[in-house]
Q: 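Below you'll find the structure I mean.
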Amino acid sequence: MVSWEELLVTAFGSKTRLDIIKLLSEGGKNISRIARELNISYSSAEKNLRALEGAGILEEIRLGRVRIYRLADSEEVRALLKCLNPNTS
């Protein structure tokens with residue numbers, strides 16, 4: 001488990017990572033869809049997803065050859081989402 005400080009630095013250290021977190025708050029998506037919806041390259045999406053997964057913010061689900069990324073179900077991630085969307089409960 002990573003520290004709260006590491007989680008925050010990883011999440012808030014990049015606008016792309018924040019955009020990925022916001023996008024995945026709507027539900028799980030594969031790398032191609034994330035790259036397309038955020039208008040970033042596949043390699044950029046992959047690099048940022050790896051960093052978020054390493055910090056415990058994301059989980060990877062394998063469905064055959066497809067990798068779906070979703071937000072981890074943890075208190076830390078819920079707190080992070082509350083910071084990003086303070087007007088939601």
Side-chain angles (χ1 to χ4, degrees):
M1 185 70 170
V2 298
S3 69
W4 178 242
E5 292 82 10
E6 185 178 349
L7 183 133
L8 290 175
V9 168
T10 300
F12 292 108
S14 160
K15 182 182 179 326
T16 299
R17 291 180 190 156
L18 287 175
D19 291 342
I20 289 171
I21 292 167
K22 290 175 185 175
L23 181 63
L24 293 180
S25 71
E26 302 167 3
K29 295 176 177 29
N30 67 29
I31 296 177
S32 295
R33 185 164 176 193
I34 292 166
R36 185 174 58 249
E37 289 190 29
L38 296 180
N39 197 30
I40 59 176
S41 69
Y42 184 95
S43 62
S44 176
E46 188 173 41
K47 177 185 81 170
N48 285 289
L49 288 167
R50 269 191 258 121
L52 291 168
E53 186 179 13
I57 298 170
L58 300 184
E59 299 173 336
E60 177 187 277
I61 302 165
R62 289 188 180 258
L63 301 172
R65 294 177 58 179
V66 177
R67 294 180 291 169
I68 303 294
Y69 290 89
R70 68 177 183 192
L71 295 176
D73 184 21
S74 70
E75 284 296 319
E76 293 84 5
V77 172
R78 284 189 284 282
L80 178 62
L81 289 173
K82 192 165 181 83
C83 289
L84 294 174
N85 299 302
N87 297 326
T88 60
S89 53

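Count residues from 1 along the sequence.
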Q: Between Ala45 and Ala35, which heavy-atom pair has the shortest distance, and what is it?
A: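 Heavy atoms only, the tightest pair is CB-CB, 4.1 Å.
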Q: Report the distance from atom CZ of Arg67 to atom CD1 of Ile61, rounding to the nearest 0.5 Å.
A: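 Here the rounded value is 13.0 Å.
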Q: Hey, what do you get for OH (Tyr69) to CZ (Arg33), rounding to the nearest 0.5 Å?
A: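 If I round to the nearest 0.5 Å, the distance is 15.5 Å.
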Q: Taking all non-hydrogen atoms of both residues into account, name the closest pair between Thr16 and Ser44 and its distance.
A: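 Result for this residue pair: CG2-OG, 4.5 Å.
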Q: What pair of heavy atoms forms the shortest contact from Ile21 to Leu71, and how long is it?
A: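 Residues Ile21 and Leu71, closest heavy atoms: O-CD1, 4.0 Å.
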Q: Is there a side-chain contact between Arg36 and Lys29 in this structure, where contact means two heavy atoms from C-beta onward sitting under 4.5 Å apart?
A: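 A side-chain contact is absent here, since even the closest heavy-atom pair is not under 4.5 Å.
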Q: Output yes when Glu53 and Arg50 qualify as a salt bridge under the 4.0 Å nitrogen-oxygen rule, no when they do not.
A: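 No, this pair does not count.
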Q: Go through the structure and list residues passing salt bridge (charged side-chain N to carboxylate O under 4.0 Å, His left out) with Arg70, not counting sequence neighbours.
A: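 For Arg70 the salt bridge (charged side-chain N to carboxylate O under 4.0 Å, His left out) partners, ignoring immediate neighbours, are Glu59.
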Q: Same hydrophobic cluster for Ile68 and Leu52, using side-chain heavy-atom links shorter than 4.5 Å among ILVMFWY?
A: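 Unlinked, Ile68 and Leu52 end up in two clusters.
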Q: For residues Ser25 and Leu81, report the shortest heavy-atom separation together with the two atoms involved.
A: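 Nearest pair, atom of Ser25 first, then Leu81: CB-CD2, 4.1 Å.
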Q: Identify the two heavy atoms, one from Ile34 and one from Leu23, that lie closest to each other, and give their separation to 0.1 Å.
A: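 Looking at all heavy atoms of both residues, the shortest contact is CA-CD2, 4.0 Å.
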Q: Please report the interatomic distance OG(Ser32) to CD(Glu37), rounded to the nearest 0.5 Å.
A: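 Ser32 atom OG to Glu37 atom CD measures 11.0 Å (nearest 0.5 Å).
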Q: Report the distance from atom CD1 of Ile20 to atom CG of Asn48, rounding to the nearest 0.5 Å.
A: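 The CD1 atom of Ile20 sits 4.5 Å away from the CG atom of Asn48.
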Q: If two hydrophobic side chains count as joined below 4.5 Å and joins carry through other members, does Leu24 share a cluster with Tyr42?
A: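 Yes; Tyr42 is reachable from Leu24 via cluster members.
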